[in-house]
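Numbers here simply count residues along the sequence, with the first being 1. These values consider heavy atoms only, across backbone and side chains, with no hydrogens, waters or symmetry-generated copies.
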Amino acid sequence: QVQLVESGGGYVQPGGSLRLSCAASGSISSIRAMGWDRQAPGKGRELVAGITSGGSTNYADSVKGRFTISRDAKNTVYLQMNSLKPDDTAVYYCNMLLTNGFRYWGQGTQVTVSS
């Protein structure tokens, strides 16, 4: 059983910052990549950022220069979000892709950016 547990969401004013964390546990074989998706009300889910086992990163154009994804040696992935905008309001989901092809998602954490 694989579990991804997110934390760090909340309410912040425009221009503020939040740091999301996602800890993976359970029967984890080799990890190929980890990342974050988000889904805003009435919209589809979109990729926010990803990081491979080799450390390569990719970002949605809408968050480049504002968000930073990182990962530690204990299978925890982070998303540092700066200069937050109301359009960043969404439920953020952590995801993990293993080398065996299986992908897992966390339960999601709400981020609300509003004045």
Side-chain angles (χ1 to χ4, degrees):
Q1 184 91 12
V2 174
Q3 281 191 316
L4 299 176
V5 179
E6 299 120 330
S7 60
Y11 180 96
V12 65
Q13 292 187 337
S17 298
L18 284 173
R19 189 190 194 210
L20 305 183
S21 300
C22 172
S25 62
S27 302
I28 300 173
S29 59
S30 182
I31 297 175
R32 176 174 294 173
M34 298 184 76
W36 294 90
D37 300 334
R38 68 185 179 186
Q39 186 163 19
K43 296 185 178 181
R45 190 174 292 196
E46 64 171 348
L47 168 72
V48 176
I51 184 166
T52 69
S53 58
S56 298
T57 59
N58 63 289
Y59 298 91
D61 287 343
S62 59
V63 307
K64 283 180 181 176
R66 300 188 298 121
F67 290 12
T68 302
I69 189 170
S70 61
R71 178 187 163 188
D72 67 17
K74 296 183 179 181
N75 296 333
T76 299
V77 65
Y78 305 93
L79 187 67
Q80 178 66 43
M81 305 186 294
N82 299 327
S83 303
L84 282 161
K85 306 175 181 179
D87 284 350
D88 295 318
T89 295
V91 178
Y92 284 70
Y93 298 90
C94 171
N95 70 84
M96 177 174 67
L97 175 64
L98 303 182
T99 54
N100 62 11
F102 284 94
R103 188 183 291 273
Y104 299 89
W105 280 268
Q107 80 286 355
T109 185
Q110 176 70 46
V111 171
T112 302
V113 185
S114 176
S115 55

Problem set entry | Ser62: partners by side chain to side chain donor-acceptor pair (under 3.5 Å), with sequence neighbours left out | Arg38
Exercise. Can you list every salt bridge (charged side-chain N to carboxylate O under 4.0 Å, His left out) pair that touches residues 101-115, not counting sequence neighbours?
Worked result: none
Exercise. Can you list every pair that meets side chain to side chain donor-acceptor pair (under 3.5 Å) and has a residue in residues 2-15, with sequence neighbours left out?
Worked result: Glu6-Gln107
Problem set entry | For Asp37, salt bridge (Lys or Arg N to Asp or Glu O under 4.0 Å) partners two or more places apart | none
Problem set entry | Sequence neighbours excluded, every pair satisfying disulfide (SG to SG under 2.5 Å) that has a member inside residues 4-91 | Cys22-Cys94
Exercise. Looking at residues at least two apart in the chain, or sitting in another chain, which of them share a side chain to side chain donor-acceptor pair (under 3.5 Å) with Ser17?
Worked result: Asn82
Name every donor-acceptor pair, under 3.5 Å, that has one atom in a side chain of residues 49-56 and the other anywhere in the protein, sequence neighbours excluded.
unit_1, atom_1, unit_2, atom_2, d
Thr52, OG1, Gly54, N, 3.3
Thr52, OG1, Gly55, N, 3.3
Thr52, OG1, Ser56, N, 3.1

Exercise. Taking Val113 as the fixed residue, which of Leu18, Leu84, Asp87 is the one that meets the side chain to side chain contact (heavy atoms under 4.5 Å, CB included) rule?
Worked result: Leu84
Seminar exercise, completed: Residue pairs meeting salt bridge (charged side-chain N to carboxylate O under 4.0 Å, His left out), one or both in residues 57-72, sequence neighbours left out, come to Asp61-Lys64, Arg66-Asp88
Seminar exercise, completed: Applying side chain to side chain donor-acceptor pair (under 3.5 Å) to Thr112 and not counting sequence neighbours gives Gln110
Exercise. Which hydrophobic side chains are connected to Trp105, either touching it within the sub-4.5 Å cutoff or through other members that do?
Worked result: Val91, Tyr93
Problem set entry | Pairs touching residues 44-90 that satisfy disulfide (SG to SG under 2.5 Å), sequence neighbours left out | none
Problem set entry | Under the side chain to side chain donor-acceptor pair (under 3.5 Å) test, residues paired with Lys43 that sit two or more places apart | none
